[in-house]
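What follows is a short report on a single structure.
For the single chain, residues carry numbers from 1 onward in sequence order.
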Amino acid sequence: MMDSIPRVETKAFGREQRDMSKLRKKINSTARAIMLEKGWLFIIVGFLLGRAVILSVVSPFAVAFLATIWIVHKEKSAKVMLAVLAGACTYSFNQGIFVALAMIVFIFLAGLFKNAKNQQVIIPLFVFLSTIAPRLFLYSITDQLSSYEWMLLFVEGVLGTVLVLIFMQSIPLLSPKRYKPTLKNEEIVCMIILLASILTGTIGWDIYDASIEQVLSRYFVLLLAFIGGAAVGSTVGVVAGLILSLANVANLYQMSLLAFSGLLGGLLKEGRKTGVSVGLLVGTFLVGFYEDASTLLPSIIESSIAILIFFLTPASFFKKLSRYIPGTEEYTNEQEQYLQKVRNVTAKRVEQFSDVFEALSKSFSSNEEYPQEDADRKRETDYFLSQVTEKTCQTCFMKDRCWQQQFDKTYSLMEDMKDDLTDDHDPNRKLMRDFENHCVKSKKVVDAMKEEMSFFEANQKLKKQVMESKRFVADQLQGVSEVMENFAKEILKERQHHENQEIQIVNALKHMGIDLEKLDIFRLDKGNVDIEMTVSFYDYHGEGPKLIAPVLSDILNEMIVVKQEEISPFPNGYCYLSFGSAKEFVIETGVANAAKGGGLISGDSYTTIELGAGKYAMAISDGMGNGKRAHEESNETLRLLQQILQTGIPEKVAIKSINSILSLRSTDEMYATLDLAVINLHNAFVRFLKIGSTPSFIKRGEEMLKVEASNLPMGIIQEFDVDIVSEQLKSEDILIMMSDGIFDGPKHVENTDVWLKRKIREMKTDDPQEMADLLLEEVIRTRSGAIVDDMTVMVAKVVKNSPQWAAVPVYEEKAQ
């Protein structure tokens with residue numbers, strides 16, 4: 001019973017919290033609706049700007065604000081006009097007359113040119129005219145204008161024009177449906193100018209000798225210095241102090257007070273609200289000492305009231321406002337959320353495209369998934385027999401007996417004859433004898449069937465080609481779909497948090513005396529580690545690969561190496577280091593080639609390609625014939641291969657795509673062979689794709705392995721199946737790939753395989769380049785120095801990757 005009491009109290013407290021949260025949200029939404037959606041905020045601002053006057057007689061704020069509302073919220077213009085007029089009348093009768101005339105002139109001009117283009121350009125011009133014309137009229141009534149009045153008149157018009165441009169950037173920021181998550185620096189300054197202009201309208205309002213405009217200006221300085229730091233705080237102080245000093249020249253010293261307080265408060269923002277408040281008080285005392293002693297006490301009271309309001313401001317307000325100020329933590333989080341949304345949208349679109357390509361692939365391959373049904377074969381047979389009977393049975397006098405009285409027997413015999421002709425192109429004797437006994441015009445029918453059979457077989461071949469083409473297109477679309485799907489997954493990959501490893505790395509580097517500034521662990525997948533860090537060194541001596549990488553290798557239990565480093569040229573500068581997984585195996589290659597007759601241009605081409613995900617590709621292509629044209633053909637084949645493979649499309653689909661391009665590109669009988677080996681550097685597993693190419697050899701100690709596959713050269717036919725041969729390589733294995741000039745080159749050699757294996761086995765070196773040179777030389781020697789064909793040999797050695805620096809055990813504090 002006693003245990004249930006705290007539980008009941010906890011539930012009641014939680015219910016009260018939820019009720020209070022709902023109440024706050026309701027109050028906020030109601031206030032937002034009243035102030036923004038119904039326009040009461042614009043009415044209040046208009047009232048204060050109607051009262052705003054600088055240099056005693058200059059009032060550019062009212063018409064500029066009305067012009068901005070006319071552009072942004074035209075439906076609220078009437079209410080704003082009344083508010084501005086009311087504010088001007090509370091200041092003075094002359095101010096009310098001027099503002100009324102100015103607004104009438106503006107409304108007349110804006111209404112007259114309401115359908116004109118570039119409203120944002122001509123509206124500031126209307127403000128200039130509507131400000132000057134009433135002032136010129138009022139000055140001319142009293143007396144002739146002096147030079148000073150002409151200057152004020154011109155200044156007022158220019159200020160009104162400039163304020164329109166400033167207010168046009170500020171007013172949209174108050175929209176209840178604002179989608180832009182952050183503010184630019186220019187927009188922040190424009191908002192500060194708008195706030196300072198509004199404060200000008202409060203001049204003359206006092207509470208116990210404390211001026212309202214001074215209290216509010218210091219409050220805004222406190223607020224923005226606390227949120228944005230010294231730069232924003234000092235900017236607010238300078239702008240607000242300048243505008244307020246223009247409104248009241250006696251307050252000129254306030255600009256120094258506000259600017260210094262904003263700077264000092266921003267520098268002390270680490271002390272939270274107390275530190276910023278101390279900055280304002282220190283600025284108030286220092287500037288107050290230079291003024292009349294009678295103004296010091298009211299200034300302290302004004303600062304104290306501003307600090308009190310500052311402390312009463314809820315933390316949620318600071319957090320919301322911080323989202324719009326660059327440099328704050330909330331601003332950074334807002335930017336990250338925005339980028340995350342963009343990344344999600346982009347990934348979603350890529351996934352949609354991937355689904356489209358996959359659907360297209362399925363639509364092309366749907367027919368081949370199902371074998372030809374009996375109904376389809378029956379329909380084809382019916383069509384075939386109808387063509388035959390139309391030429392023979394329609395004019396036969398035995399038609400009724402055969403096709404009405406003995407339909408089943410006639411149909412069965414003719415169907416058997418068709419199948420027999422399809423298989424052997426000549427029916428067997430027994431079937432022919434049965435058909436002759438049944439049909440009185442058997443020879444004529446058989447001749448007609450043979451004639452029709454040629455069309456039937458041509459149609460079947462065409463259908464087969466169409467099916468093969470559809471299958472090829474389906475494979476290509478499926479490959480594109482897979483690439484786009486993988487790309488979408490890459491986009492969605494976020495920085496992952498690995499707290500345990502992060503703590504280990506930080507402690508290990510701290511124990512070694514390395515000053516770590518920043519650590520980012522993006523990925524810790526086996527074989528795909530991605531770590532970045534910023535460290536500080538007085539004098540860098542290769543600590544990245546020598547110390548940090550070995551420590552990471554011990555912590556992550558795999559070989560880690562430095563992928564990229566940017567070293568500061570200055571002592572104690574920040575150095576950027578990027579670490580990643582080292583490959584289990586590395587490939588050492590060597591190539592030797594020679595053109596036919598010792599020429600300069602060989603018809604053979606070769607390449608090595610670094611693919612993503614730890615793959616290494618080697619390829620040799622032999623164009624038909626020799627010389628420049630053959631070189632162009634083989635080089636084009638390898639160029640297409642490299643571009644397609646680097647997109648991530650599977651090797652088989654890539655080769656089919658290249659074959660289709662080569663076979664359709666030209667009507668000439670040009671083709672090229674392709675010998676491709678793709679080696680996985682994580683496990684040394686190799687996939688061979690040999691298209692019309694010669695066999696390859698793998699030397700493993702004294703053992704020799706032969707790798708071959710039977711595929712036609714590329715470009716001969718549009719459709720072919722690619723046979724893939726796979727092998728598991730081991731460390732120190734040597735792979736030898738060659739063109740037909742090497743394989744078929746040896747003269748007076750009966751068994752080339754045995755000769756090549758023997759020559760490779762007898763080599764005393766395992767250096768890939770030396771082996772390639774020696775093998776090419778041996779083949780040329782058998783021809784007495786003559787080079788009868790283009791020759792290319794590529795040798796690759798698989799080597800276990802050994803780190804330069806061994807793993808360093810992590811220091812661990814032993815429990816006492």
Side-chain angles (χ1 to χ4, degrees), residues 486 523-530 549 553 556-563 579-591 606-620 638 641-642 645-646 648-652 654-655 674-691 693-709 722-738 756-757 760-761 763 765-772 775 793-807:
N486 294 334
R523 191 183 293 111
L524 290 182
D525 302 336
K526 197 71 173 178
N528 200 19
V529 171
D530 188 3
S553 299
L556 303 178
N557 198 25
E558 68 170 297
M559 191 190 310
I560 304 298
V561 295
V562 177
K563 296 192 299 183
F579 299 89
S581 300
K583 304 298 183 288
E584 290 290 328
F585 297 90
V586 294
I587 307 297
E588 300 176 1
T589 59
V591 181
Y606 61 88
T607 187
T608 58
I609 311 169
E610 285 279 357
L611 302 177
K615 289 185 179 181
Y616 187 85
M618 305 163 51
I620 298 176
L638 294 184
L641 176 70
Q642 181 168 351
L645 286 181
Q646 286 177 340
I649 291 179
E651 298 91 350
K652 190 171 182 179
I655 289 178
L674 179 64
D675 194 359
L676 173 65
V678 181
I679 306 173
N680 190 324
L681 299 179
H682 294 298
N683 53 20
F685 188 78
V686 59
R687 288 159 53 94
F688 293 95
L689 290 90
K690 293 182 169 292
I691 314 299
S693 59
T694 57
S696 299
F697 297 94
I698 299 174
K699 181 184 179 184
R700 182 173 297 160
E702 295 298 320
E703 183 182 1
M704 293 295 298
L705 305 177
K706 182 180 178 182
V707 180
E708 59 182 340
V722 180
D723 293 334
I724 299 178
V725 180
S726 301
E727 291 288 345
Q728 178 63 57
L729 299 180
K730 299 180 180 180
S731 180
E732 304 300 322
D733 280 0
I734 298 176
L735 171 63
I736 301 97
M737 300 167 61
M738 63 193 72
L756 285 171
K757 289 180 180 179
I760 295 172
R761 190 183 296 113
M763 290 183 182
T765 179
D766 60 354
D767 181 78
Q769 187 59 54
E770 293 180 0
M771 293 183 68
L775 188 58
V793 57
M794 182 180 289
V795 181
K797 182 179 180 181
V798 180
V799 181
K800 184 76 172 179
N801 189 15
S802 299
Q804 185 179 4
W805 303 93

field: From Glu732 atom CD to Asp766 atom CG, the distance as rounded to the nearest 0.5 Å
entry: 6.5 Å

query: Going by heavy atoms in the side chains, are Phe688 and Glu727 under 4.5 Å from each other?
result: yes

- prompt: What do you reckon, is NZ of Lys706 surrounded by more than 12 foreign heavy atoms closer than 6.0 Å?
  reply: yes

query: What do the steps show when you test Met704 against Ile760 for side-chain contact (heavy atoms from CB on, under 4.5 Å), and what is the final call?
result: CA-CA 9 Å; Met704 293 295 298; Ile760 295 172; 3.8 Å; yes

statement: Residues Ala796 and Ile587: closest non-hydrogen pair is CB-CG2, 3.8 Å

- prompt: For Ser553 and Glu558, does a side-chain donor sit closer than 3.5 Å to a side-chain acceptor?
  reply: no

query: Less than 4.5 Å apart, any side-chain heavy atom of Val795 and any of Ile734?
result: yes

query: Are Leu689 and Leu674 close enough, and set up right, to give a side-chain contact (heavy atoms from CB on, under 4.5 Å), and what steps lead you there?
result: CA-CA 8 Å; Leu689 290 90; Leu674 179 64; over 6 Å; no

message: Can you give me the closest heavy-atom contact between Pro768 and Gly590, atom names plus distance?
response: CB-N, 3.6 Å

- prompt: CG of Leu641 to CD1 of Ile609: how many Å apart, nearest 0.5 Å?
  reply: 5.0 Å

message: Are the side chains of Lys690 and Val707 in contact, using a 4.5 Å heavy-atom criterion?
response: yes

- line: CG (Asn680) and NZ (Lys583) are apart, to the nearest 0.5 Å, by 10.0 Å

Side-chain donor/acceptor of Thr608 to backbone N/O of Met618, under 3.5 Å: no

field: Where Ala677 and Leu735 come nearest, the two heavy atoms and their spacing
entry: CB-CD2, 4.2 Å

message: Looking at every non-hydrogen atom in both residues, tell me the closest pair between Val798 and Ala684 and how far apart they are.
response: CG1-CB, 4.3 Å

Within 45° cone and under 6.0 Å: Lys800 NZ/CZ vs Phe585 ring: yes

- prompt: Would you call Asp675 and Ser696 a side-chain contact if the rule is heavy atoms closer than 4.5 Å?
  reply: yes

- prompt: Where is the tightest heavy-atom contact between Met794 and Ala619, given as atom of each residue plus distance?
  reply: CE-O, 3.9 Å

- prompt: Taking NZ, NE, NH1 and NH2 as the nitrogens, is one of them in Asp733 or Lys797 under 4.0 Å from a carboxylate oxygen of the other?
  reply: no

Sidechain-backbone polar pair: Arg687 side chain, Val678 backbone, donor-acceptor under 3.5 Å: no

statement: Here the gap from Ser693 atom OG to Met737 atom CE, rounded to the nearest 0.5 Å, amounts to 7.5 Å

- request: Report yes or no: does Ser581 contribute a side-chain atom to a donor-acceptor pair with the main-chain N or O of Val529 at less than 3.5 Å?
  value: yes

query: If you round to the nearest 0.5 Å, how far is CZ of Arg700 from NZ of Lys730?
result: 5.0 Å

- request: Answer whether the closest heavy-atom distance between the side chains of Leu775 and Met763 falls below 4.5 Å.
  value: yes

message: Any non-hydrogen side-chain atom of Glu588 less than 4.5 Å from a side-chain atom of Val799?
response: yes

- request: Spell out, as yes or no, whether a donor-acceptor pair under 3.5 Å connects the side chain of Thr694 to the backbone of Met738.
  value: yes

query: Given Phe697 and Leu756, is the side-chain contact (heavy atoms from CB on, under 4.5 Å) satisfied, shown in steps?
result: CA-CA 9 Å; Phe697 297 94; Leu756 285 171; 3.9 Å; yes

query: Any donor and acceptor pair, going by atom type alone, linking the side chain of Gln769 with main-chain N or O of Val591 inside 3.5 Å?
result: yes

task: With rounding to the nearest 0.5 Å, note down the distance linking OH in Tyr616 to OG1 in Thr589.
output: 4.0 Å

